[in-house]
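Residue numbers begin at 1 in each chain, while the letters A, B, ... track the order of the sequences. Just so it is clear, the structure is predicted and the values come from calculations on it, not from any experiment.
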Amino acid sequence: MEELGRHVDLYPYGYDRTHTSCELRDQEEALTASETVVRYPGRIMAKRGTGKTLFVPVWDGEGPIQAYFRKDDLGEEKFRLISKLIDIGDWIGVEGTLFRTRTGELTIAVKDFTFLAKAIRPLPEKYHDLSLENKSRRRYLDLAMNLESRTRFRTRSAILREIRSFFDGRDFLEVETPVLQPLYGGATARPFTTHHNALDMTLYLRIADELYLKRLIVGGFERVYEIAKDFRNEGMDRTHNPEFTMLECYAAYWDYHDMMDLTEDLVRTLAVKFGDEGSLTYGGHEMDFTQPFRRITFMGALAEAVGRDLMPLATDEIAAIAGEKGVELKPGMGRDKILDELFSLLVEPDLIQPTFVMDHPRELSPLAKAHREHEGLVERFELFVAGFELANSFSELNDPREQRRRFLDQKALLEAGDDEAQRLDEDFLQAMEHGMPPTGGMGMGIDRLVMLLVDTNNIRDVLLFPHMRPEDAPGAGA
RNA sequence: GGGCCGUUAGCUCAGCCGGUAGAGCAUCGGACUUUUAAUCCGAGGGUCCCAGGUUCGAUCCCUGGACGGCUCACCA
């Protein structure tokens with residue numbers, strides 16, 4: 001290091017690149033014929049010396065190009081410096097002409113080279129994958145070592161770009177609403193809590209965007225969407241990270257049927273773009289998105305699974321059936337909660353092909369509008385794919401009087417000890433009292449969507465920096 | 001939060017019945033002028049996750065803790 005540092009600048013300020021690795025490959029013929037001198041920067045990923053020559057694969061953002069150092073070309077001193085002092089992991093720029101070795105590898109015959117950044121820690125070993133923990137904890141190493149990993153995250157980016165283009169093309173306005181909220185709402189979940197010093201007040205990290213986006217509908221924006229991080233203070237596992245990305249969209253004058261058409265259109269568009277002609281393989285399941293998505297009702301699917309219509313039954317009768325089917329009944333579970341558990345157990349696992357489940361029981365959906373025909377139900381749908389919920393949508397409740405009653409019901413649940421019950425948001429109610437047009441709304445979990453499209457069963461594979469406990473936790477070893 | 005499994009060199013991993021530890025890659029020294037996981041010769045590198053306990057002796061057995069993986073519960 002010291003010896004090297006005396007000779008050259010190890011951390012210069014830039015490098016004038018003439019070609020990327022892709023461009024070198026694409027323009028090989030012309031560049032080789034004209035013996036053009038190219039300048040190519042990247043990271044050294046291996047080092048193979050044969051005495052008075054040295055072969056060094058140099059990777060840029062897209063892939064490798066081999067650099068070839070030859071003593072006769074560089075001179076005794078420079079060749080010695082290079083072959084001794086460059087290491088795997090270093091960033092260098094090489095200048096020279098393009099040729100193919102006799103084994104057919106596209107290679108730059110190096111005339112000159114510069115360090116761009118000297119690595120003082122080694123890259124991990126290249127024959128085995130990093131452990132899952134190290135991949136997640138030190139994503140930079142995963143990305144440095146695995147082209148598939150880079151590709152997966154590029155795909156995630158492309159999916160988000162496609163979603164934005166989909167909504168932009170349908171006159172939806174992309175907006176940003178607060179992450180820090182004095183009151184959280186729009187979903188049932190425990191929040192992260194923080195504190196604003198100057199105002200000396202408690203603030204919450206949002207668990208959903210819903211109530212702010214609806215305020216915008218009240219304000220007169222007819223179509224809005226937001227792609228944003230939400231935060232939920234719940235357990236972490238293969239499909240849950242404390243912060244995750246959610247898409248929410250709202251359209252004035254729409255009901256949940258309109259929203260269902262939009263959702264189907266969006267998901268099909270993505271499946272066509274990122275799948276194999278509109279079909280996707282996920283966890284060994286083959287799914288076809290080209291056909292119209294199946295549409296079933298919540299109670300209808302349950303009736304089929306149980307063998308009888310549960311709608312007319314009283315709570316204790318439903319509880320008895322649920323108990324028989326293996327639902328773990330807890331005290332305080334209402335009728336709709338039991339139905340929901342029964343549905344999760346009996347119906348959801350079989351919803352592999354894209355399926356809309358419609359018209360849910362009312363209690364589970366405090367922000368959805370009552371069903372226009374069926375007492376006790378709301379106008380809601382969930383989209384299931386590969387057995388998990390991908391999207392959730394309502395004809396949004398826009399009657400402020402009814403909304404207040406629903407909030408009061410939730411408040412009663414809260415006081416009864418349900419710490420996930422929704423809070424009464426007076427400011428939101430006041431907005432709604434000014435009049436919210438009939439509105440359709442939809443939310444979609446983007447991380448799960450990406451998991452589906454890239455066929456992985458671990459959310460950490462689609463999050464660049466998934467949440468991990470600190471390696472050196474306070475109190476470790478105590 | 002519960003259950004099961006794991007934590008050993010920079011990385012990926014072996015380590016038998018309790019006797020103070022190994023491989024490959026990486027690193028360092030040497031040989032080699034077209035290599036592809038280059039090859040060949042040689043060397044260095046360890047708080048065996050942490051704290052207790054049992055034992056003449058613990059990487060190994062026991063207890064507790066930390067972190068990780070799978071899984072169940074909760075949730076998206």
Asks: With syn defined as a glycosidic torsion within 90 degrees of 0 and anti otherwise, which applies to B:U20?
Replies: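 It is syn.
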Asks: Mind calculating the distance between CZ (A:Arg102) and C1' (B:U33) to the nearest angstrom?
Replies: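 Rounded to whole Å, this separation is 10 Å.
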Asks: Specify the separation, in whole Å, of atom NZ of A:Lys118 and atom C1' of B:U27.
Replies: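 So the two atoms are 11 Å apart, to the nearest Å.
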Asks: Looking for any heavy atom pair under 4.0 Å, which part of the strands does A:Arg238 touch: base, sugar-phosphate only, or nothing?
Replies: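 Sugar-phosphate, backbone atoms only, no base.
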Asks: Check step by step if side chain to side chain contact (heavy atoms under 4.5 Å, CB included) holds for A:Leu463 and A:Arg156.
Replies: CA-CA 9 Å; A:Leu463 299 176; A:Arg156 179 180 174 120; 3.8 Å; yes
Asks: Using the C1' atom as the point on both nucleotides, what is the distance between B:G68 and B:C16, in whole Å?
Replies: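 Straight-line distance between the two C1' atoms is 27 Å.
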Asks: How far does the P atom of B:A9 sit from the matching atom of B:G1, given to the nearest Å?
Replies: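 Nearest-Å result for B:A9 against B:G1 at atom P: 28 Å.
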Asks: For B:C74 and A:Arg190 - does any side-chain N or O of the residue sit under 4.0 Å from the phosphate oxygens OP1/OP2?
Replies: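 Result: no.
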Asks: Contact class for A:Asn392 (heavy atom, under 4.0 Å): base, sugar-phosphate, or nothing?
Replies: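 The residue A:Asn392 makes no contact with any strand.
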Asks: Regarding A:Asn458, tell me which of base, sugar-phosphate or nothing describes its non-hydrogen contacts under 4.0 Å with the strands shown.
Replies: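 The residue A:Asn458 makes sugar-phosphate contact but no base contact.
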Asks: Between A:Asp261 and A:Arg268 (salt bridge meaning N to carboxylate O under 4.0 Å), is one present in this structure?
Replies: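 Between A:Arg268 and A:Asp261 there is no salt bridge, as every charged N stays at least 4.0 Å from the carboxylate O atoms.
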Asks: Angle class for the A:Phe388/A:Tyr282 ring planes (parallel below 30°, perpendicular above 60°, tilted otherwise)?
Replies: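 The arrangement is perpendicular - the two ring planes meet at more than 60°.
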Asks: Give every pair of a protein N or O atom and an N or O atom of nucleotides 4-11 of chain B that lie under 3.5 Å apart, one pair per line with the distance.
Replies:
from	atom 1	to	atom 2	distance (Å)
B:C11	O2	A:Glu125	OE1	3.3

Asks: When the C1' atoms of B:A14 and B:G22 are considered, how many whole Å apart are they?
Replies: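 Result for the C1' pair: 7 Å, nearest Å.
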Asks: Using only heavy-atom distances, decide whether a donor-acceptor pair under 3.5 angstrom links the side-chain of A:Thr101 to the base of B:U35.
Replies: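 Indeed there is one.
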Asks: What about A:Tyr256 and A:Phe394, are their ring centers closer than 6.0 Å?
Replies: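 No; A:Phe394 has its ring centre 6.0 Å or more from that of A:Tyr256.
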Asks: Do A:Phe298 and A:Phe343 have their ring centres less than 6.0 Å from each other?
Replies: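 Yes; A:Phe343 has its ring centre under 6.0 Å from that of A:Phe298.
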Asks: Output the single nucleotide from B:A26, B:C70, B:U34 whose closest atom is nearest the side chain of A:Ile88.
Replies: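 The listed nucleotide nearest to A:Ile88's side chain is B:A26.
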Asks: Using atom C1' of each nucleotide, how far apart are B:C49 and B:C41 to the nearest Å?
Replies: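 Rounded to whole Å, the distance is 37 Å.
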Asks: Have a look at A:Arg137 and say if it touches a base, only the backbone sugar-phosphate, or nothing, with a 4.0 Å heavy-atom cut-off.
Replies: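 Result for A:Arg137 = sugar-phosphate.
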Asks: Does the ring of A:Phe244 lie flat against the base of B:A76, closer than 5.5 Å centre to centre with planes under 30°?
Replies: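 Whether judged by distance or by angle, A:Phe244 passes, so it stacks on the base of B:A76.
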Asks: Looking only at side-chain N and O atoms, does A:Arg70 come under 4.0 Å of OP1 or OP2 in B:U33?
Replies: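 A:Arg70 to B:U33 OP1/OP2: no side-chain N or O under 4.0 Å.
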Asks: Testing A:Phe113, A:Phe79, A:Phe55 for ring-ring contact (aromatic ring centres under 6.0 Å, His included) with A:Tyr68, which one passes?
Replies: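 Answer to the ring-ring contact (aromatic ring centres under 6.0 Å, His included) test with A:Tyr68 among A:Phe113, A:Phe79, A:Phe55: A:Phe55.
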Asks: Which part of the nucleic acid does A:Gly49 contact within heavy-atom distance under 4.0 Å: base, sugar-phosphate only, or nothing?
Replies: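 A:Gly49: base contact, heavy atoms under 4.0 Å.
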Asks: Salt bridge or not between A:Asp425 and A:Arg215? Use side-chain N to carboxylate O under 4.0 Å.
Replies: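 The answer is yes: the pair qualifies as a salt bridge.
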Asks: For the side chain of A:Arg48 and the base of B:U35, is some donor closer than 3.5 Å to an acceptor across the two?
Replies: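 Answer is yes: a donor-acceptor pair is held.
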Asks: Flag the pair A:Arg362 and A:Asp409 as a salt bridge only when some basic side-chain nitrogen lies within less than 4.0 angstrom of an acidic carboxylate oxygen.
Replies: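 A:Asp409 and A:Arg362: salt-bridged.
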Asks: Pick the P atom in B:A21 and in B:U47, then give their distance to the nearest Å.
Replies: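 Comparing P positions in B:A21 and B:U47 gives a spacing of 13 Å.
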Asks: I want to verify a distance call: between B:C74, B:U34, B:G24, whose nearest atom is closest to the A:Tyr127 side chain?
Replies: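 Closest of the options to the side chain of A:Tyr127: B:G24.
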Asks: A:Lys52 NZ to B:U39 P: how many Å, rounded?
Replies: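 One finds 20 Å between P of B:U39 and NZ of A:Lys52, rounded.
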Asks: Do A:Asp255 and A:Ser395 meet the criterion of a side-chain donor-acceptor pair at a distance under 3.5 Å?
Replies: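 There is no such pair (donor and acceptor under 3.5 Å, judged by atom type) between the side chains of A:Asp255 and A:Ser395.
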Asks: With respect to the side chain of A:Lys126, which nucleotide from B:U35, B:A37, B:C74 is positioned closest?
Replies: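 For A:Lys126, the side-chain atoms sit closest to B:A37.
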Asks: Hey, which sits more toward the 5' end of RNA chain B by its nearest nucleotide, A:Gly51 or A:Thr239?
Replies: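 Taking each residue's closest nucleotide, the earlier one in sequence belongs to A:Gly51.
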Asks: Thinking salt bridges, do A:Glu76 and A:Lys71 make one under a 4.0 Å N-O criterion?
Replies: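 Salt bridge: yes.
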Asks: Flag the pair A:Glu95 and A:Lys111 as a salt bridge only when some basic side-chain nitrogen lies within less than 4.0 angstrom of an acidic carboxylate oxygen.
Replies: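 Looking at A:Lys111 together with A:Glu95, the answer is no, because their closest N to O distance does not fall below 4.0 Å.
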Asks: Quick check on RNA chain B: between A:Glu243 and A:Met236, whose nearest nucleotide comes earlier from the 5' end?
Replies: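 First, find each residue's nearest nucleotide; the 5'-ward one identifies A:Met236.
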Asks: Return yes if the base of B:U34 and the side-chain atoms of A:Glu105 contain a donor-acceptor N/O pair under 3.5 Å, otherwise no.
Replies: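 Per atom types, no contact qualifies.
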Asks: What nucleotide among B:A38, B:U34, B:C25 has an atom nearest to a side-chain atom of A:Thr53?
Replies: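 It is B:U34.
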Asks: For RNA chain B, what is the dot-bracket line, given that a base pair needs Watson-Crick (N1 to N3, plus N6-O4 or O6-N4) or G-U wobble (N1-O2 and O6-N3) geometry with both distances under 3.5 Å, and | means paired with another strand?
Replies: (((((((..((((.....[..)))).(((((.......))))).....(((((..]....))))))))))))....
Asks: For atom C1', what is the distance between B:C61 and B:G19, given to the nearest Å?
Replies: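 Taking atom C1' in both B:C61 and B:G19, they lie 15 Å apart.
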Asks: OP1, OP2 of B:G30 versus side-chain N and O of A:Lys84: anything below 4.0 Å?
Replies: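 True: A:Lys84 side-chain N/O within range (under 4.0 Å) of B:G30 OP1/OP2.
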Asks: Should the pair A:Lys135-A:Asp461 be classified as a salt bridge under the 4.0 Å nitrogen-to-oxygen rule?
Replies: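 Result for this pair is no, no salt bridge flagged.
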Asks: Looking only at the side chain of A:Glu341 (C-beta and beyond, no hydrogens), which of the listed nucleotides B:U34, B:A38, B:C74 gets closest?
Replies: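 Among B:U34, B:A38, B:C74, the one nearest the side chain of A:Glu341 is B:C74.
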Asks: Measuring only the P atom in each nucleotide, how far is B:A23 from B:A66? A whole number of Å is fine.
Replies: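 Between the two P atoms, the distance is 35 Å.
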Asks: What does A:Tyr68 touch in the nucleic acid at a heavy-atom separation under 4.0 angstrom: a base, only the sugar-phosphate, or nothing?
Replies: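 A:Tyr68: base contact, heavy atoms under 4.0 Å.
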Asks: Roughly how far apart, to the nearest Å, are B:C4 and B:C50 at atom P?
Replies: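 So the two P atoms sit 23 Å from each other.
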